[in-house]
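Here is the structure we will look at.
Protein chains get the first letters and strands the later ones, always in sequence-line order, with residue 1 at the start of each.
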Amino acid sequence: MDFPILLTILLAPLVASLIIMFIPKDENILIKSIAAVGMFVALALSLYAYFAYNKDIGGLQFVFGHELPWIKDLGVTFFLAVDGISLPMLLLTNLIGFSAIFASWNVNNRPKEFFVLLLMLIAGVMGTFIAHDLFIFLLFYEVVVIPIYVLVIIWGSSKRVTKEYAGMKLTMYLLIGSGFLLVGVIALFVKTAAIAGHPDMSFTGMAMAAQQLGEFDQIWLFALMLFGFGSLISMWPFHSWSPDGYAGAPTAVSMIHAGVLKKIGGYGLIKIAVYMLPLGASFFAPYMAVLGVIGVAYAAMGAMAQKDLKYVVGYSSVSHMGYVILAVACLNVIGINGAVANMFAHGVMAALFFSMIGFIYEKTHTRWIPDMGGLARQTPRLAVGFMLAAMASLGLPGLVSFIPEFTIFIASFEVYGGVAVIGIAGIIITALYVLRAGANTLFGPPRPEYDHLEDIKGPEMVPLVVLGTVLVVGGCLPSLLFDMINSGVVPLHAAISDALQLGGKF
Amino acid sequence: MPTDMFVLTLPFDPSALTLEMLMAGLATLVLIMGIIVPKGSRHGLGWVSLLGILGIMAVAVSLWGEKRELLNGMYLLDNYALFWKITFMTAAALVILGCMRFVDKMGNQAEYYSLTLFATLGMMVMASAGDFITFYLGLELMTLSFVLLVCFRKTDNKSIESGIKYLLLAGMSSAVLLYGLSIIYGLTGSITILEIGRIIAMQPLSPALVLAVVMVIAGLGFKVSAVPFHMWSPDVYEGAPTPVTAYLAVGSKAASFAIILRLFIAGLPGIWENWAFVLAILAAVTIIVGNLVAIPQTNIKRMLAYSSIAQAGYILVGLVAATEAGIKGVMFYAFLYVFATMAAFVVAAYYYNYSGSDELKDYAGLAQRSPLLAAVMLVALLSMAGIPPLAGFAGKFYLFSSIVGDYLWLVFVGLIMSMVSVYYYLRVALVMYRDDPLDATPISVSSPVAVTLVFATIATLVIGICPGPLSEVVNGAAHSFFLH
C-alpha cells in the first residue's frame with residue numbers, strides 16, 4: 001500500500017491538538033508553535049497531493065481504506081479519496097487553516113483550549129472533503145458544529161449582537177438544516193440499499209443505485225438535501241445566520257467558516273445531491289437559479305447598508321455564494337466548473353478579508369467604518385492585505401476570482417438568460433460597497449489617535465503572504481485551478497447527463 | 001434428549017437461572033455483611049457489590065449463545081435476554097462505582113447497595129420473562145426496590161415526597177397494567193407470551209382486546225415515562241438521591257423496553273397495524289414534549305429528566321418498526337444511553353456532593369475548576385443529542401433507518417427535535433465553559449469517579465466512531481428474539 005497521504009493530512013492537526021492537551025496552559029508560544037507545525041505538515045502534504053494528482057487519468061486518487069469495513073451492516077467503509085473537485089477544497093482548507101493559526105497569534109485568553117478546538121474544527125472540515133463515504137462525510141459534517149459554538153461563545157465579540165446569540169443562531173441554523181439533510185440521507189440509504197440488494201454508503205455505490213430511483217423520489221430527496229446544504233452555504237432565504245454569526249465569531253472562526261466551512265454546502269450540493277439525484281436537480285434547477293440570483297442582489301444591497309466591517313464581508317459572502325448556487329443550477333460542465341472555482345476563490349478572499357479585519361479590530365478596537373479614517377498611512381501592510389481582498393471581491397482581472405465569476409456569467413447567461421443578467425448586475429453593487437468600505441477605512445483623513453498603531457509584523461504577516469500569494473498566482477495562472485476542477489467535473493457531468501436527457505430538460 | 005424423557009422429568013433446569021440466583025445471593029450477602037461489618041468500614045460494601053456484579057457479568061458473557069426455555073416458556077434465556085441483563089449490570093456497576101462517596105454520605109450503605117442489587121435482579125427477571133406472572137414479579141421487585149431507594153434520604157422532605165409520589169403512581173400504573181393483562185388472559189386463556197401470540201393471530205380483533213392493549217400501553221408507558229404518562233418523572237428525578245435518579249432513568253426504562261418488545265412483538269403480532277400507529281403518535285408526542293419542556297428548565301436534574309423522556313421517545317421509534325432492524329435499533333440505543341446518562345448523572349451527583357446544588361447557574365465555570373467533569377458532561381449531553389462522532393448519532397441512524405419507509409413523518413419529528421435539543425444541551429456548555437466561576441478552587445475528582453467518567457466517555461466515543469462490533473453483537477441478540 002502506498003503512503004496514506006490523505007489520512008496523514010487528516011491526522012496532522014488532530015495529533016497536534018492531542019499534544020497541546022498535555023502542555024501546561026501557560027506555555028503560549030509552545031502551544032501556538034505546535035499548532036502551526038501541525039497545520040504546516042497538513043498544508044505541505046496537501047500541496048504535494050495537489051501537484052502529484054494525475055489530471056490526465058482523473059477520477060479518485062490517493063484512495064485509502066475502501067476495503068476497510070467500518071460498519072458492516074450499514075455498508076460503511078472508511079473510504080478516503082480525492083478527485084478534481086475535492087482536491088481544491090482540501091487545499092483551500094489547509095491554506096486557510098494554516099493562516100488562521102497565525103491570524104490568532106495574539107489570542108492569549110485560554111490559548112490551550114482555543115487551539116485544541118481550532119485544530120479539531122480544521123480537521124473536521126478536511127474530513128468532509130476527503131471522505132468518499134456518505135456516513136463518514138456526515139460524521140465530519142456535524143462534528144464541526146460544536147467546536148464552532150464553543151469558540152464563538154468564549155472568544156467571540158459582542159457588538160451589534162451578543163456572542164451568545166450569534167453562536168446559538170449559527171449552531172441552530174446549521175443543525176436544523178442538517179436535521180433535514182439527515183432525513184434525506186437515511187431515506188436515500190434505505191432506498192438504495194433495497195435497490196442494490198446490499199447496504200453501501202460510498203458515493204459511487206449510492207449514486208449507481210440511486211439512478212434507478214423514480215423521479216418523484218429524487219425530487220423530494222433533493223429538496224431535503226437542498227435545504228440542508230443550502231442553509232450551510234447561506235442560500236437566500238436561509239442566510240441570516242451568516243452575517244450575525246461572522247460578526248460574533250473570533251477571527252479564526254470567521255476565516256474558516258466563511259472560507260471553507262460554508263463551501264461544504266456547495267460541495268455537498270454538487271458531489272452528493274446533484275451527482276446522486278440528477279432528476280431532482282433538474283427539477284429544482286430553475287428555483288435554485290432564482291434563489292441564487294435573489295441572494296446575490298439582496299445580500300449585496302444588505303452589504304451596502306452596513307457600517308460594521310464584518311457585516312459588510314458577511315453579507316458579501318452571502319452574495320458571492322449566490323453566484324455559486326446560480327452556477328450549480330446551470331447543471332453543465334462550465335457552470336459547475338465555475339461554481340467550484342468560485343468557491344475556492346471566494347474562500348481565499350474571504351479568509352484574507354476576515355484576517356485583516358481581525359487585525360484592525362485588535363489594534364483599533366473598532367470595526368465601525370466611519371471611525372477608521374485613513375489607516376493606509378498608519379498601517380500600510382495591513383492596508384495592502386485589505387485592498388487585495390477587496391479587489392478580489394469585486395473580481396478584478398489578474399486576481400483569482402475574476403475567471404471563476406466570468407465563467408459563471410457565461411454559463412448562466414447561456415442557460416437562464418434574463419435571470420442571469422440580474423445576477424451579473426450584482427457585481428456593480430459589490431464594487432460600490434467594497435470600494436466605499438476600503439476608501440473610508442484606509443484612505444480617509446488619518447485620525448491622530450491611531451498614529452501609534454503598530455503595523456502587522458512577524459507571524460501576523462503569514463495570512464497576508466500565504467493568502468495573498470494564492471490570490472495573485474491563481475489569478476495569473478488560472479489553468480492551475482481550472483484544469484484540476486475540470487478533470488473532476490467532466491466525469492461527474494458525464495454520469496448525470498444521461499439521466500438529465502431522459503428527464504427531458506436539455 | 002428424547003421427547004418422552006422431556007415430559008417425564010419436568011423441564012426445569014435450574015442452571016438457566018444461574019445469573020438470577022447469583023444476583024439474589026449477592027444482594028443478600030451485602031445485606032448480611034452490613035450487619036456484621038462495623039459502621040466505619042461499611043464503605044467497602046460498594047466494592048463487594050461492584051466486584052460481585054462484574055463476576056456475574058462475566059458469567060453472563062460466558063452464557064452468550066445459550067437458548068433455553070424453562071417451564072414451557074415461562075422463563076426464556078436467549079441472547080436477547082442476556083444482552084439486556086448485561087446492559088442492566090453495566091448500568092448498576094457504573095452507578096455504584098461512580099457514586100460511592102455520595103452513598104457514604106447518606107449512610108446505611110448495606111441497605112442501599114442491596115436494594116440496588118435487588119432492583120437489578122428485578123430487571124433481569126423482566127428481561128427473561130416469558131409469561132405474565134414472571135413479568136409482573138420482576139416488575140414489582142424492581143419498582144418496590146426503587147420506591148425505597150427514591151426516599152432513601154430519610155431526613156430530606158423532597159426525597160420523601162418523591163418517594164410517596166412514585167409509590168402512589170407506580171401502584172396506579174401497575175394496577176392498570178395488571179387489569180390489561182388479565183383481560184388478555186381472559187380472551188386467550190393463556191399467560192405465556194408466545195402462546196398468546198399464536199392464539200391472537202387466529203382470532204378476529206375484539207373491542208376487549210383493544211381495551212387491554214391500551215391499558216398495557218398505559219401501564220408500561222408510565223414505566224418508560226412516555227408522554228402523557230410522564231408527569232411523575234421530573235418530580236421524582238429531582239427529589240431522589242442523584243445516583244438513584246441515574247439508575248431509575250437508565251435501568252427501569254431499559255427493563256421496561258425489554259419486556260415491551262417481548263410483549264408486543266412476540267405476544268401481539270397479529271394486531272400490529274393497529275397498535276403501531278398508536279405507538280408512533282406516542283413516540284412523536286414524547287419526543288416533542290420532552291424536548292420542548294426541557295428548554296426552560298433551570299435545574300440540571302429536571303432538565304436531564306425531561307431529556308430522558310425525549311430519549312424514551314426515540315427508543316419507542318424502534319418499537320414502531322417492530323422488525324428485526326427496529327429491535328436492533330432499540331437495543332443499540334438503550335445500550336449507549338446507559339453510558340451517556342450515567343456519565344451525566346454521575347457528574348451531577350459528584351458536583352452536588354461538592355457544592356450542594358443542582359441548579360444550572362451554579363455550574364458556572366466548571367470547565368476551569370475541573371476540565372474532566374465539564375468535558376464528560378458535554379460529551380454525554382451531545383451524545384444524547386445525536387451529534388457525531390458520539391454514540392448517539394449511530395444509535396439514531398439505526399433507529400430512524402428502521403422506520404423511514406412507513407413513517408417518514410416520524411423521522412422528521414425525531415431528527416428535527418433532536419437538533420432542537422442541542423439548544424438546551426449547549427446552554428449547559430455555555431454556563432460551564434464561558435462563565436468564570438465564583439469560587440475558582442479546582443475540584444479534585446476522586447479516582448473511582450474519574451474511572452467511571454472516563455470509561456463512560458470512552459465507551460461513548462468508541463461506539464460512536466466505530467459502531468461495527470457492538471452492532472454485530474446486537475444483531476445476534478435481535479436475531480435470537482425471533483427464534484422462539
Handout entry: Pairwise side-chain contact, A:L138 with B:F393, heavy-atom cut-off 4.5 Å (strictly under)
Key = yes
Handout entry: Test item: A:W70 and B:I465 side chains (from C-beta on) under 4.5 Å apart, heavy atoms
Key = yes
Problem - B:N475, part contacting chain A, at a heavy-atom distance under 4.5 Å - result: side chain
Practice task
Taking the side chain as every heavy atom from C-beta outward, state whether B:V420 and A:I176 have any pair of such atoms under 4.5 Å apart.
Solution key: yes
Completion exercise
Here the pair of heavy atoms bringing B:M419 nearest to A:L182 is CE-CD2, 4.4 Å
Practice task
Please report the closest heavy-atom contact between B:P467 and A:I71, naming both atoms and the distance.
Solution key: CG-CD1, 3.2 Å
Practice task
Would you mind checking which part of A:F78 comes under 4.5 Å of any heavy atom in chain B, side chain (CB onward), backbone (N, CA, C, O), both or neither?
Solution key: neither
Fill in the blank from the handout: Looking only at A:V76, A:V185, A:I154, the option with the highest number of non-hydrogen pairs under 4.5 Å against chain B is A:I154
Handout entry: chain A contacts, top residue of B:V422, B:I416, B:V411 (heavy-atom pairs, under 4.5 Å)
Key = B:I416
Problem - chain A contact via B:F412 - which portion, at a heavy-atom distance below 4.5 Å - result: both
Problem - Ring geometry between A:F135 and B:F397 (parallel below 30°, tilted from 30 to 60°, perpendicular above 60°) - result: perpendicular
Fill in the blank from the handout: So CG of B:L426 and CE of A:M172: to nearest 0.5 Å the spacing works out to 8.0 Å
Handout entry: pair B:Y398-A:D73: side-chain heavy atoms closer than 4.5 Å
Key = yes
Handout entry: Smallest separation among heavy atoms of A:I153 and B:R434, with atom names
Key = O-CG, 3.4 Å
Problem - Portion of B:L390 that has a non-hydrogen atom of chain A nearer than 4.5 angstrom - result: neither
Fill in the blank from the handout: Pair count under 4.5 Å, heavy atoms only, with chain B: among A:K72, A:E113, A:M168, A:K191, highest is A:M168
Problem - Side chain to side chain, A:Y149 and B:L430, heavy atoms closer than 4.5 Å - result: yes
Completion exercise
Here the gap from B:I387 atom CD1 to A:T171 atom OG1, rounded to the nearest 0.5 Å, amounts to 9.5 Å
Exercise for the section: Name the region of A:I136, side chain, backbone, both or neither, that has any atom closer than 4.5 Å to a heavy atom of chain B. Expected result: neither
Problem - Selection from A:F189, A:F180, A:W155 maximising heavy-atom pairs under 4.5 Å formed with chain B - result: A:F180
Problem - Taking every non-hydrogen atom, the tightest pair across A:R110 and B:A367 - result: NH2-CB, 4.5 Å
